[in-house]
J.: 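Here it is, the structure in full.
Throughout, residue positions are numbered sequentially from 1 according to the sequence presented.
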Amino acid sequence: MASTTFSGPVTSTNGFIGDVTGNVTGNVTGTVTGTVTLPTYTVTSANALATKPAGKLIYVSNGLAGNPCIAVGNGTNWISPAGTTISAT
């Protein structure tokens, strides 16, 4: 099968096969097979962001009492899987 590169928005009505690289804007539905790379922050840099959009996922290298974790924005704060606001201590 041929390989094609697109430089503009692409819409698929039947999914994609293979690696998707670059930025994805909009909703992603269906099954993701493989890994997802989240933006990486420390507690300090995550809390310095102007917004903490509800539902946004980030990776915080020291967010669960100094240990790495995923955090979810709730519109005001970044929340760890423990249900607490991220903290390096």
Side-chain angles (χ1 to χ4, degrees):
M1 179 174 224
S3 175
T4 305
T5 301
F6 296 93
S7 61
V10 177
T11 301
S12 171
T13 58
N14 199 25
F16 292 96
I17 296 173
D19 294 336
V20 177
T21 59
N23 297 321
V24 177
T25 302
N27 295 323
V28 177
T29 58
T31 302
V32 175
T33 302
T35 61
V36 175
T37 302
L38 299 175
T40 299
Y41 298 93
T42 63
V43 169
T44 301
S45 62
N47 286 330
L49 296 172
T51 61
K52 290 114 179 134
K56 182 171 180 165
L57 290 173
I58 61 171
Y59 173 81
V60 186
S61 62
N62 63 340
L64 193 56
N67 295 301
C69 70
I70 293 173
V72 179
N74 70 359
T76 305
N77 295 303
W78 296 108
I79 306 300
S80 76
T84 58
T85 303
I86 59 171
S87 173
T89 58

J.: Any side-chain hydrogen bond (donor to acceptor under 3.5 Å, both in side chains) pairs touching residues 60-84, not counting sequence neighbours?
T.: S80-T84
J.: Hey, is CD1 on I70 packed in by over 12 heavy atoms from elsewhere, all under 6.0 Å?
T.: no
J.: Go through the structure and list residues passing side chain to side chain contact (heavy atoms under 4.5 Å, CB included) with S45, not counting sequence neighbours.
T.: Y41, T42
J.: If you look at every heavy atom in C69 and I86, which pair is closest and at what distance?
T.: SG-CG2, 4.5 Å
J.: Tell me which donor-acceptor pairs under 3.5 Å the side chains of residues 51-60 have, and how far apart each pair is, sequence neighbours excluded?
T.:
unit_1, atom_1, unit_2, atom_2, d
K52, NZ, N47, O, 3.2
K52, NZ, L49, O, 3.1

J.: Got a sec, which residues hit side chain to side chain contact (heavy atoms under 4.5 Å, CB included) with A65, two or more places apart in sequence or on another chain?
T.: none
J.: Hydrophobic clusters join Ile, Leu, Val, Met, Phe, Trp and Tyr when side-chain heavy atoms are under 4.5 Å apart, directly or via other members; which others share one with I79?
T.: none
